[in-house]
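First the structure, in the form of structure tokens, and then the observations on it.
Per chain, numbering begins at 1; letters A, B, ... match sequence-line order. Since the model is a prediction, treat every value here as computed from it, not as a measurement.
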2 protein chains.
Amino acid sequence: MAVTIKDVAKLANVAPSTVSRVIANNPRISEQTKRRVREAMEYLGYHPNYNARSLANKSTQTIGLVMPSSADKVFQNPFFPEVLRGISTKAHEKEYTLYMSTGSKEEDILEGVMGMVHGRRVDGIVMLYSRIDDKIMTFLQEQNFPFTVIGKPFALPDTITHVDNDNYRAAKDVTEHFIEKGHECIAFVGGNLDLVVTVDRLSGYEKALREAGIPHNDDYVVHVEFLKEGGQEAVMELFSLPKPPTALVVVDDLMALGIMSKLDEIGLSVPEDVSIISFNNVMLAEYASPPLTSVDINIFELGYEAVNCLLEKIADPDAENKRVCIPHKVVERWTVRTQTENGIENVK
Amino acid sequence: MAVTIKDVAKLANVAPSTVSRVIANNPRISEQTKRRVREAMEYLGYHPNYNARSLANKSTQTIGLVMPSSADKVFQNPFFPEVLRGISTKAHEKEYTLYMSTGSKEEDILEGVMGMVHGRRVDGIVMLYSRIDDKIMTFLQEQNFPFTVIGKPFALPDTITHVDNDNYRAAKDVTEHFIEKGHECIAFVGGNLDLVVTVDRLSGYEKALREAGIPHNDDYVVHVEFLKEGGQEAVMELFSLPKPPTALVVVDDLMALGIMSKLDEIGLSVPEDVSIISFNNVMLAEYASPPLTSVDINIFELGYEAVNCLLEKIADPDAENKRVCIPHKVVERWTVRTQTENGIENVK
DNA sequence: CTGAAAGCGCTTACAG
DNA sequence: CTGAAAGCGCTTACAG
């Protein structure tokens with residue numbers, strides 16, 4: 001069997017409890033015995049058994065991650081590696097480790113999450129997405145288990161600590177940007193309406209139009225599954241309209257790529273015929289042709305802060321729930337042009 | 001405190017050991033008491049504590065994942081969500097859960113892995129990449145800890161169970177495909193030479209050339225970091241050559257996208273001026289303009305099989321190490337054309 | 001500053 | 001078919 005605290009204790013001529021204390025670096029142990037014990041640990045190649053530790057002190061030093069269903073198209077979005085990077089970074093800093101949900105149906109994932117919390121496998125959970133009426137979120141809240149969500153919880157956002165962008169504001173900015181450039185036929189291509197981020201961005205878009213006195217046109221709002229296939233559908237719908245839009249607010253970079261590829265196919269060019277701004281500013285945006293103007297939502301930061309908040313919550317479960325807002329910034333590249341009565345004026 | 005096996009035992013009027021047995025569905029317990037115990041569990045809302053269980057029976061039902069450094073560009077490759085999907089699927093089937101490495105320097109990751117194995121946090125590990133002289137792989141092997149790698153271990157591949165494509169063959173196929181189409185100036189754009197996959201594909205490429213009697217040209221082999229930036233560098237190098245290539249074997253789809261975008265910039269068109277075949281057949285390949293001809297390496301399957309093998313290994317640690325080879329298939333789209341003395345013949 | 005003891009919540013021979 | 005007991009490897013009051 002592996003070497004245990006007892007073996008170390010014996011060799012160092014102390015009690016197991018003393019060994020435990022030097023592991024915890026308890027200040028009440030003399031430097032001398034600490035040294036002796038440490039030598040023994042070194043010599044024997046001792047490593048603590050985390051299961052035993054967790055069982056004894058009721059803390060696991062690990063946080064659970066709830067991803068969207070791996071069957072879901074969203075899962076493929078480069079958003080996830082990037083949030084993961086943020087999450088992983090903060091977790092590593094604080095010496096927490098990561099536990100991942102599995103399963104491809106919501107039921108299965110929920111079961112897994114129940115296992116995490118009831119089985120005491122994790123100290124807290126971060127949800128990497130936020131959708132309306134999510135059973136997992138509901139469960140976590142019922143259990144009063146420490147958790148944090150990336151995105152805005154739809155119901156009772158004040159009850160749940162979350163980190164999000166101001167997606168309403170961001171979409172409004174983007175839409176206003178188009179308006180300033182002279183566009184009036186501005187369409188919104190949204191993703192799954194279950195995703196809170198979609199509804200927030202849609203309201204921002206609508207608000208900007210209203211403020212500018214541009215009548216809302218139902219035909220200009222289309223919702224498709226995230227990702228590229230969706231982009232293509234969107235093009236079919238929008239550009240068979242009698243009066244197609246000249247500018248597109250697209251909720252996701254990948255979708256925008258899909259749109260651009262389809263546009264190309266039907267002989268329309270970006271930005272000459274249609275301008276596009278999308279969201280996320282994923283690496284790919286820069287390498288599209290032409291490079292995509294996109295809203296950088298600081299994905300890394302979203303992940304980083306989400307575990308930061310979670311850790312605070314674990315340390316003090318009764319602390320007030322908070323909302324942290326990660327700033328966004330539109331990164332201008334080459335998919336927006338000024339709209340004039342007839343034809344190209346300049347490309348910006 | 002949470003409800004434990006003792007509470008259930010008391011309510012059901014049996015010994016804790018009996019409860020434990022009905023949880024394990026031990027056939028020696030009568031159906032009657034099983035029912036009684038289950039009712040008690042249901043009534044009390046009992047859930048087993050996994051830490052206690054793991055401690056007692058020395059098995060965690062979880063597998064550890066070693067990802068490349070999150071700081072590494074490779075991490076962003078859509079390859080990873082897709083392997084993860086395969087991994088997650090098989091793990092879920094067998095009721096295993098997933099544990100993830102964190103950290104961005106190799107040192108840190110190694111430390112994390114040491115924690116996993118020594119701390120008995122996982123029953124086995126799958127490495128999601130394979131690079132030359134990898135400390136983590138060496139460690140795992142020294143410890144004789146059950147693990148499996150996706151890709152081919154560089155040293156002593158017979159000693160380590162792994163699942164891989166026949167990358168040598170695949171690259172050879174692709175190169176021969178170009179040769180059949182009349183190309184002679186065929187370049188190879190590889191990734192990081194530390195990655196075993198790069199060296200395998202390079203040899204396949206070289207072999208095909210040799211067999212066809214095409215002299216090897218050092219200038220036609222360039223290595224850059226995976227992903228898009230790399231693609232752009234590659235273009236600069238290759239197309240400032242006195243005699244630039246007419247066909248490109250590109251080791252990764254994203255890199256190919258970068259290449260295409262750069263080619264576009266300098267006024268060369270695909271496939272008219274240069275043909276491209278890349279690897280992975282990631283979703284994006286289909287939506288490039290023009291859609292990329294790419295080698296589908298069955299990423300999902302790689303992940304799925306990797307955990308399958310791992311589970312076998314955990315069940316029988318002394319079983320022979322094996323290599324499973326996942327088939328590949330080139331998916332023809334629109335980036336390859338037949339090369340003639342002068343100009344376009346047909347696009348295929 | 002250190003030790004003896006109890007306990008964390010399970011599982012698993014051993015007995016009957 | 002079921003129970004009593006020991007044990008998995010730690011931690012943490014309690015005492016001194």
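Within the 4.0 angstrom heavy-atom criterion, base atoms lie near A/Ser20.
For the pair B/Tyr99 and A/Thr62, the minimum side-chain heavy-atom distance is below 4.5 Å.
For the residue pair A/Asn25/A/Lys34, the side-chain donor-acceptor check at 3.5 Å is satisfied. Side chains of A/Lys94 and A/Asn308: a donor-acceptor N/O pair is absent below 3.5 angstrom, by distance only. Between the side chains of B/Lys313 and B/Asn321, at least one donor N or O sits under 3.5 Å from an acceptor N or O.
In this structure, A/Asp7 places its CG atom 9 Å from P of D/dC10, rounding to the nearest Å. One atom, CG of A/Asn26, and another, P of D/dT11, lie 11 Å apart when rounded to the nearest Å. Following rounding to the nearest Å, B/Lys6 (NZ) and C/dC8 (C1') show an atom-to-atom distance of 9 Å.
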I'd like to know whether B/Thr33 forms a side-chain contact (heavy atoms from CB on, under 4.5 Å) with B/Val22, so could you lay out the CA-CA distance, the side-chain angles of the two residues, the decisive distance to 0.1 Å, and finally the verdict. CA-CA 8 Å; B/Thr33 53; B/Val22 349; 5.8 Å; no
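Comparing C/dC10, D/dC8, D/dT11 by their nearest atom to the side chain of B/Ile5 picks out C/dC10. Side chain of A/Ala52, nearest nucleotide from D/dC8, D/dC10, C/dC10: D/dC10.
No more than 12 heavy atoms of other residues, nucleotides or ligands sit less than 6.0 Å from atom CD of B/Glu95. Residue-environment remark: CG (A/Asn144) stays at or below the threshold of 12 foreign heavy atoms within 6.0 Å. Around CZ of A/Phe139, the count of heavy atoms belonging to other residues, nucleotides or ligands within 6.0 Å exceeds 12.
In this structure, A/Val19 and B/Leu55 both approach DNA chain D, and ranking their closest nucleotides by distance from the 5' end singles out B/Leu55.
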Look for any protein N or O under 3.5 Å of an N or O in nucleotides 3-7 of chain C and output each such pair with its distance, or none.
unit_1, atom_1, unit_2, atom_2, d
C/dG3, OP2, A/Ala15, N, 2.9
C/dG3, OP2, A/Thr18, OG1, 2.6
C/dG3, N7, A/Arg21, NH1, 3.2
C/dG3, O6, A/Arg21, NH2, 2.5
C/dA4, N6, A/Ser17, OG, 3.1

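Between A/Lys58 and D/dC10, a side-chain N or O to OP1/OP2 separation shorter than 4.0 Å is absent. Between A/Tyr50 and D/dT11 there is no side-chain N or O to OP1 or OP2 distance below 4.0 Å.
A salt bridge links B/Glu107 to B/Lys135: one of the charged nitrogens lies within less than 4.0 Å of a carboxylate oxygen. Under a 4.0 Å N-O distance rule, the pair B/Glu93/B/Lys90 qualifies as a salt bridge.
The strand DNA chain C forms stems, runs of 3 or more Watson-Crick or G-U wobble pairs with distances below 3.5 Å, at C:1-3 with D:14-16, C:5-12 with D:5-12, C:14-16 with D:1-3.
If you take CD on B/Glu111 and CG on B/Asp108, they are separated by 6.0 Å, rounding to the nearest 0.5 Å.
For the contact set between residues 27-40 of chain A and DNA chain C, defined by any heavy atom under 4.0 Å, the members are A/Arg28, A/Ile29, A/Ser30, A/Thr33.
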